[in-house]
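Below, read A as the first sequence line, B as the second, and so on, with proteins coming before strands; counting in each chain starts at 1.
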Protein chains: 2
Amino acid sequence: MATEFTGTGDPARSMALLWRVPLNGAARPGPRPTLDVDRIVAAAVRLADAEGLAALSMRRVATDLGVGAMTLYSHVPGKGELVDLMLDAVLAELYPDEALVVAGDWRNRLSTVARANWDFFVRHPWALHLATGRPPLGPHLMRKYELELRAVDGLGLPEVEMDLLVTLVTGFVRGAVGGVQEKADAERVTGITEDQWWAATEPYVAQVLDAERFPTAARVGPVAGEELGAGDPRRSFEFGLDRLLDGIGVLVGQKR
Amino acid sequence: MATEFTGTGDPARSMALLWRVPLNGAARPGPRPTLDVDRIVAAAVRLADAEGLAALSMRRVATDLGVGAMTLYSHVPGKGELVDLMLDAVLAELYPDEALVVAGDWRNRLSTVARANWDFFVRHPWALHLATGRPPLGPHLMRKYELELRAVDGLGLPEVEMDLLVTLVTGFVRGAVGGVQEKADAERVTGITEDQWWAATEPYVAQVLDAERFPTAARVGPVAGEELGAGDPRRSFEFGLDRLLDGIGVLVGQKR
DNA sequence: AGGAGTACCGTACGCCGTACGGAGTCACTC
DNA sequence: GAGTGACTCCGTACGGCGTACGGTACTCCT
């Protein structure tokens, strides 16, 4: 599967696409387009949602739309820009109720932010595999940043720490979903279920995990495997979030 | 660039490779191998370190070794297994001094763990792009797990929480390195430096980030960009680690 | 009426992982 | 000592990928 990089194209063109800047005047020469950017992006998102980022190819998106592969390039400069547009498009789903992000105290708010990000990545797990070192600065990413900053506004924190906190919480969620989602992805990629894989692997682990070399792992591993493997995948998310919010509480408390 | 999945091969074969189980008796027919698994893995790691996971191809590794591409398949079942072996190989570099992980109090220990993981991912950033939902359970991953569990042993925590804490801390570090590293990766992939990219992007951001729609982002973004963009990339790591350890302190303290 | 710019898309290039089969080499059996 | 079978090395080829290039048909502007 692919890690796709966002923000790989020409910034001017990418920004124009993200913000849907009209190209010329209203009247452009040439045949009436049968296709537009939104339909391409929607098809690409459908595909990535259903089959993962590895299945996302220009040819496949074109086929799903019933057009030739090269037709896409009349509307989108390349795959990199398409990925930018996909990400900004699905980010629109976040925070349908904007008031919720500023409801209650800071702990409620950050919890809302974390849960919204969790739901987002569960719905669009391919977004986990995007390297957003150069984020697509579209309207919906802006909105997300704005709303998440509001969750930590008014606490007396310096601006830098507001940014750092938002990055910390959303980064944590990304990792937590990743841990769960990579197991699901592995099932699709290999065609082997988690149970089958572990059944095939466990005998070798048993041979190798001797209590002399690895006493702590031999003690903890089986217990953790049983309790976390069988249980709610949200458990490690909830555990981590509680620790994180407690830690943030120390910072927020001492500024008061 | 590619997200590679670990643990995609036949578990029996993968475990045999990871633990370097000799294949038959000592005397095998056929010509003396000019190549072996270790040399292949070393070449692959060198390549991924230098040029990233996207540059890692079977053909390229073979070329670097001066052999035909298909020769690799005499020693390694496929690229998936090679990636497993690469990861376990570089994990051997972690914790050269095992005593350090159990030195001092829990906070010192977890800080050591976090810093070791930071250094590891900085040295081998391609490891950030591996989906380890089915981890390669080789000797060095086992050792890592063992040592990191020891850092949180003896605190009176249940086994499950020991595992959860280790996952939380290492997951945080992975995210923190990722944030920094993805910018560096983007430079290599696009050939455009961070400064050039921002210079080209900033005018469009200025147009679009109006203080009416995005008041908080308009206030915080520039400050954060200036202080974090110019400064030490470790800053967000240190900030997050402090919050995380404070939060863990709440848990550890209340169990005492 | 004609030029220009556009949408659609067939073909092709250079990558990728790897299946297949052949040639050469060695340890073993008889 | 000849034969057998397993093994290493690897050339070729297949079906995928992103996308450069150029052709054709269409529509607007002058």
Exercise. C:dC16 C1' sits how many Å from B:Met70 CE, rounded?
Worked result: 13 Å
Problem set entry | Sugar-phosphate only, base, or nothing, as touched by A:Gly30 at under 4.0 Å among non-hydrogen atoms | base
Problem set entry | Polar contact flag, side-chain donor to acceptor under 3.5 angstrom, B:Asp36-B:His75 | no
For this session: For C:dT6, take OP1 and OP2 only and decide whether either is under 4.0 Å from a side-chain N or O of A:His75.
Result: no
Exercise. Rounded to the nearest Å, what distance is computed from the CG atom of residue A:Leu53 to the C1' atom of nucleotide D:dG16?
Worked result: 16 Å
Exercise. Can a side chain N or O of B:Thr34 be found less than 4.0 Å away from OP1 or OP2 on D:dT8?
Worked result: no
For this session: May I have the distance from B:Leu65 (atom CG) to D:dT8 (atom C1'), rounded to whole angstrom?
Result: 15 Å
Exercise. When the nearest nucleotide of DNA chain C is assigned to A:Gly66 and to B:Leu56 on a heavy-atom basis, which residue is associated with the more 5' position?
Worked result: A:Gly66
For this session: Round to a whole Å and report the spacing from CZ of B:Arg32 to P of D:dC7.
Result: 16 Å
Problem set entry | Distance in angstrom units between A:Arg28 CZ and D:dT27 P, rounded | 15 Å
Problem set entry | Side-chain donor/acceptor of A:Arg59 to base of D:dG18, under 3.5 Å | yes
For this session: Test A:Trp197 against A:Glu187 for side chain to side chain contact (heavy atoms under 4.5 Å, CB included), laying out the working first.
Result: CA-CA 9 Å; A:Trp197 175 75; A:Glu187 276 197 26; over 6 Å; no
Problem set entry | Position toward the 5' end of DNA chain D (nearest nucleotide), B:Val67 or B:Pro31 | B:Pro31
For this session: Please figure out whether A:Tyr73 or B:Ser74 has its closest DNA chain D nucleotide nearer the 5' end.
Result: B:Ser74
Exercise. Got A:Leu85 and A:Arg20 here, is their nearest side-chain heavy-atom distance under 4.5 Å?
Worked result: yes
For this session: Check whether any side-chain heavy atom of A:Asn117 sits under 4.5 Å from a side-chain heavy atom of A:Glu148, and report yes or no.
Result: yes
Problem set entry | Pairing of A:Asp64 and A:Arg60 as salt bridge, 4.0 angstrom limit | yes
Problem set entry | Integer-rounded Å distance: C:dG10 C1' and A:Leu72 CG | 14 Å
Exercise. What's the CG-P distance between A:Leu35 and C:dT6, to the nearest Å?
Worked result: 17 Å
For this session: Remember a base hit wins even if backbone is also touched, and classify A:Thr71 as base, sugar-phosphate or nothing at under 4.0 Å, heavy atoms.
Result: base
Problem set entry | Atom-pair distance (CE on B:Met58; P on C:dC15), nearest Å | 18 Å
